Amino acid sequence: MPELPEVETVVRGLQETVTGREITSVKVFRDTPIAPLNPKTFEKRLAGRSIQSVTRRAKYLVFQFDPGLYLLAHLRMTGKFIVSPLISKPEKHHRVWFFLDKDIVMVFDDMRCFGTLELIESLTDCNKLRLLGVEPLSSSLTVPYLKKCIAHSSSNIKNLLLNQTKIAGIGNIYASEILFDAQISPLRQGCQLKAKELRKVIDSTQKILTTAIQKNGTSISDFRRIDEQTGEFQNFLNVYGKAEQPCPRCSVPIQRIVQQQRSSFYCASCQQ
DNA sequence: AGCGGAACCTGTCGGC
DNA sequence: TGCCGACAGGTTCCGC
């Protein structure tokens, strides 16, 4: 499911509802997300902890507890956090329940079991976080930075946008939408883009991601906010999932192609 | 160093 | 109706 705007939507929801709350107990229904940690160990280490803060880094959610303990969560394709009143029976894809004070449950739900929940003691020592590239909405995303990233790469620009070690947070939907906005073909080799085009890629990236956050993310099938409401950005997509439909800019049919085993959608006429 | 491809899981949808 | 393949918002590992 979720790319940066969806994770940001979830984090903002959790900040309002679970920050400052105590985890009274934890129940693991399936250990895939917490493996290789043992469920009992996971449950024990979190019981009695207070959630000091919930933040986002790229597509990761970071829950901070008392000094030196963090829960690093990744939703992958179908992971969800849902905050609800106490419930008696887990639903089919509920993987972990976090019981909070004031009779609230934070549910980790994940149909495909790709999502991960990892306990870490330091953010700076965590390899997964250390290897991430710049935040696309930060001032670190600049033309010189992009130039350096692509200088010795033969990859196409679509794949570069998806490379989390360079820019961290863009996924398959927004990569297509960004390149449509920038009027650049996903097939272009990154290292052949001129400075002016890199500037357009950056501007479009920030424009699309900011708007998507304002619309609470994109719900095509699975993504839901923590109260199970959908996002609204799916109503503003220009090309993703729109194969054969007329380009909103020039009316030529949108094409679907496969790059690096994933769908790309673009207009072969107005994206050069 | 960096690339492509397979793997991890479960579900849905379309074609035959 | 049932079976089969393609496809799904992501990352990681392995071999070249």
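Within every chain, numbering begins at 1; the chains are lettered A, B, ... in the order of the sequence lines, protein sequences first and strands thereafter. Just the heavy atoms: all of them, side chains too, but no hydrogens, waters or symmetry mates, feed the values below. Keep in mind that what you see is a predicted model, and the values were worked out from it rather than measured.
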Student: So, is A/Tyr240 close to the C/dG9 phosphate, meaning a side-chain N or O under 4.0 Å from OP1 or OP2?
Tutor: yes

Student: Would you indicate, yes or no, if C/dT12 has its OP1 or OP2 atom less than 4.0 angstrom from a side-chain nitrogen or oxygen of A/His74?
Tutor: no

Student: Output yes when at least one side-chain N/O atom of A/Gln260 is less than 4.0 Å from OP1 or OP2 of B/dG4, else no.
Tutor: yes

Student: Checking all strands, does A/Ser154 fall into the base, sugar-phosphate, or nothing category for heavy-atom contacts under 4.0 angstrom?
Tutor: sugar-phosphate

Student: Between B/dT10 and A/Arg30, is there an OP1 or OP2 to side-chain N/O distance shorter than 4.0 Å?
Tutor: yes

Student: Using only heavy-atom distances, decide whether a donor-acceptor pair under 3.5 angstrom links the side-chain of A/Ser221 to the base of C/dG9.
Tutor: yes

Student: When you measure from the side-chain N and O atoms of A/Ser155 to the phosphate of B/dC3, is any distance below 4.0 Å, counting only OP1 and OP2?
Tutor: yes

Student: Base, sugar-phosphate or nothing for A/Ser263? Non-hydrogen atoms, less than 4.0 Å.
Tutor: sugar-phosphate

Student: Hey, does the side chain of A/Arg262 come within less than 4.0 Å of C/dG9's phosphate (OP1/OP2), counting only N and O?
Tutor: yes

Student: Is A/Arg95 paired with A/Asp110 through a side-chain N to carboxylate O contact shorter than 4.0 Å?
Tutor: no

Student: Hey, is the side chain of A/Arg256 poking within less than 4.0 Å of OP1 or OP2 on C/dC7, counting only N and O atoms?
Tutor: yes

Student: With a cut-off of less than 4.0 Å, is there a side-chain N or O of A/Gln164 near OP1 or OP2 of C/dT11?
Tutor: yes

Student: Would you say C/dG9 has OP1 or OP2 under 4.0 Å from some side-chain N or O of A/Lys59?
Tutor: no

